[in-house]
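In what follows, every heavy atom counts, from backbone to side chain, and hydrogens, waters and symmetry copies are set aside. Since we're looking at a predicted model, the values are computed, not measured. Both counts, for ligands and for their atoms, begin at 1 and track the order of listing.
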Amino acid sequence: MSAKVIDCVAIANEMKEELKKEIEDCKSKGASIGIATLLVGEDFGAKMYRKQVEKFCQEMDIDYINANPPADSSEEDVVKIVNDLNNNKKVSGILPLRPFPEHISDYAIINSIDVNKDIDCFHPYNMGKLTLGEITFAPATPSACIEIMDREGVNFEGAEIVVVGHSNIVGKPISILALNRNATVTTTHIFTSMAGNLAKHTTGADILIVAAGKAGLITPDLVKEGAFVIDVGINRVKVLDENGNPILNEKGKPKTKTVGDVDFDAVKEKAGKITPVPGGVGAITNMMLLRNTIKACKIQNGLA
Ligand code: NAP
């Protein structure tokens with residue numbers, strides 16, 4: 001039987017309406033609410049993400065501040081910009097967009113963000129609180145995975161959850177959030193695959209969360225019958241014809257499309273529930289970021 005495909009766009013739209021009301025409530029109490037992105041230089045991927053955040057802020061009618069010093073700025077100058085954003089009452093949350101240029105240390109910038117404006121949980125203080133199971137700004141993408149599971153009525157206690165990927169921003173915090181909810185969590189990564197052990201773990205998963213950034217990594221033989229599969233991956237791949245050759249667009253360049261890390265069409269026939277890409281976790285990530293921004297606004301304005 002084919003899996004239930006989770007309609008993450010519908011979840012995001014539902015959340016949007018809930019959060020709009022909270023924004024109005026904050027504004028009616030005199031609080032200003034906004035997000036500042038910090039991009040040093042002109043990284044293409046980071047600029048794409050910035051555009052998306054700016055559009056989202058417009059749509060939700062909150063302030064947006066674009067801090068974009070040139071790539072040759074000194075670390076000291078960038079820290080000064082962060083301090084200005086920390087002191088700016090229009091800025092509820094600061095979102096550093098990486099990669100930073102090589103001469104600028106991630107830690108120097110992230111450690112200078114006010115912990116009450118750290119809406120994607122980059123600061124070690126907030127990551128520490130997350131690890132201890134204390135209330136903090138849980139990072140957006142990992143929280144989006146938890147939100148999906150909550151809305152699908154998952155009972156975390158004792159659930160066998162396997163996470164593929166252990167990056168500091170996605171895989172590791174997902175594992176911590178699930179562990180904090182008393183799931184039995186296994187975190188796998190490239191060395192698990194290199195040791196030939198990935199299938200051994202993933203086939204035991206009631207819930208399989210994949211955040212590796214490798215298109216087609218998860219095939220049906222890696223999935224337990226009836227499992228809940230959450231695909232966090234976002235990959236651009238060439239569109240191929242039935243012979244495996246790239247299909248060209250009108251400019252003669254290979255057509256591309258966005259896919260996750262899961263072989264969706266094949267795994268859908270074995271899983272119980274599955275999230276699609278596009279229109280999956282990514283759709284809810286922005287909502288989680290906004291939820292954290294509202295929380296930050298409330299803390300800063302004594303409304304929490
Ligand atoms: P990342 O920093 O590259 O981390 C990828 C992780 O996957 C690493 O832990 C890596 O292990 C592991 N990995 C790579 N190949 C593997 C394999 N063959 N078998 C098992 N593990 C493997 O990426 P990220 O920032 O965590 O992002 C992961 C994916 O999620 C990307 O596709 C990204 O675009 C997407 N993403 C989506 C959203 C969203 O809102 N939907 C948000 C953020 C990211 P090692 O570290 O040991 O090499």
Side-chain angles (χ1 to χ4, degrees), residues 6-9 11-12 15 37 43-53 55-56 95-100 106 110 119-122 127 130 137-149 161-178 185-205 208-219 221-223 229-237 256-264 267 274-292:
I6 310 293
D7 188 346
C8 295
V9 175
I11 296 177
M15 289 185 75
T37 56
D43 178 78
F44 179 77
K47 272 165 77 175
M48 295 285 286
Y49 184 39
R50 180 182 67 184
K51 209 163 149 188
Q52 195 197 320
V53 174
K55 197 168 148 224
F56 177 63
L95 197 57
L97 302 178
R98 290 178 283 181
F100 294 138
D106 274 19
I110 283 164
I119 51 170
D120 212 4
C121 197
F122 288 122
M127 264 306 267
L130 189 85
F137 298 104
T141 301
S143 317
C145 297
I146 300 290
E147 184 74 21
I148 292 168
M149 289 187 271
I161 298 186
V162 175
V163 179
V164 183
H166 68 164
S167 72
N168 285 340
I169 60 162
V170 189
K172 211 178 278 178
I174 290 175
S175 297
I176 294 167
L177 287 171
V185 183
T186 305
T187 310
T188 64
H189 41 78
I190 191 72
F191 291 94
T192 316
S193 283
M194 281 160 48
N197 288 333
L198 190 62
K200 181 173 100 183
H201 296 289
T202 58
T203 50
L208 177 61
I209 306 173
V210 193
K214 294 276 179 308
L217 177 66
I218 302 299
T219 44
D221 52 311
L222 271 75
V223 177
V229 180
I230 298 180
D231 190 355
V232 184
I234 300 175
N235 309 288
R236 284 304 283 179
V237 296
T256 57
K257 62 177 178 179
T258 300
V259 297
D261 292 345
V262 176
D263 180 351
F264 181 81
V267 169
I274 190 166
T275 63
V277 178
V281 176
I284 302 174
T285 294
N286 279 343
M287 295 304 145
M288 305 314 294
L289 197 65
L290 186 62
R291 187 184 270 178
N292 280 348

Nearest non-hydrogen contact with [atom] belongs to which option: [options]?
| atom | options | result |
| --- | --- | --- |
| atom 32 (O) of ligand 1 | Val164, Thr202, Ile234, Val210 | Ile234 |
| atom 40 (O) of ligand 1 | Asp231, Thr285, Leu289 | Thr285 |
| atom 18 (N) of ligand 1 | Thr188, Ile174, Asn197, Leu217 | Leu217 |
| atom 46 (O) of ligand 1 | Met194, His166, Lys214, His189 | His166 |
| atom 5 (C) of ligand 1 | Pro278, Cys8, Ala212, Gly165 | Ala212 |

What atoms of ligand 1 come within less than 4.0 Å of a heavy atom belonging to [X]?
| X | result |
| --- | --- |
| Ser193 | 17 (C), 18 (N), 19 (N), 20 (C) |
| Ile169 | 25 (O) |
| Ala211 | 5 (C), 6 (C), 7 (O), 28 (C) |

Give the minimum heavy-atom separation between Gly280 and Cys8, together with the two atoms involved.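 Where Gly280 meets Cys8 most closely, the heavy atoms are O-CB, 3.2 Å.
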Could you identify the single nearest non-hydrogen protein atom to [atom] and state the distance to 0.1 Å?
| atom | answer |
| --- | --- |
| atom 42 (C) of ligand 1 | Thr141 OG1, 3.1 Å |
| atom 22 (C) of ligand 1 | Ile190 N, 3.7 Å |
| atom 44 (C) of ligand 1 | Val170 CG2, 3.9 Å |
| atom 26 (O) of ligand 1 | Ser167 OG, 2.4 Å |
| atom 37 (C) of ligand 1 | Val232 O, 3.1 Å |
| atom 31 (C) of ligand 1 | Gly213 CA, 3.6 Å |

Measure the spacing between [atom1] of [X] and [atom2] of [Y] and express it to the nearest 0.5 Å.
| X | Y | atom1 | atom2 | value |
| --- | --- | --- | --- | --- |
| Lys51 | Thr37 | NZ | OG1 | 13.5 Å |
| Leu222 | Asp263 | CG | CG | 11.0 Å |
| Ile174 | Met149 | CD1 | CE | 7.5 Å |
| Thr275 | Ile11 | OG1 | CD1 | 9.5 Å |

Looking only at distance, does Asp261 have an N or O less than 3.5 Å from an N or O of ligand 1?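 By distance alone, the answer is no.
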For ligand 1, the portion of Thr192 having any non-hydrogen atom under 4.0 Å away: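 No part of Thr192 comes within reach of ligand 1.
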State whether a side-chain donor-acceptor pair under 3.5 Å links Asn292 with Asp120.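 Checked: Asn292/Asp120 side chains show no N/O donor-acceptor pair below 3.5 Å.
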With a 4.5 Å cut-off on side-chain heavy atoms, are [Y] and [X] touching?
| X | Y | value |
| --- | --- | --- |
| Thr192 | Asn197 | yes |
| Met288 | Ile146 | no |
| Val281 | Ile148 | yes |

For atom 3 (O) of ligand 1, is the nearest protein heavy atom closer than 4.0 Å?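 Neighbour list for atom 3 (O) of ligand 1 is empty of protein heavy atoms (cut-off 4.0 Å).
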What do the steps show when you test Glu147 against Met15 for side-chain contact (heavy atoms from CB on, under 4.5 Å), and what is the final call? CA-CA 10 Å; Glu147 184 74 21; Met15 289 185 75; 4.1 Å; yes
So Asn235 and Asp261, side-chain contact (heavy atoms from CB on, under 4.5 Å) or not? Walk me through it. CA-CA 7 Å; Asn235 309 288; Asp261 292 345; 2.9 Å; yes
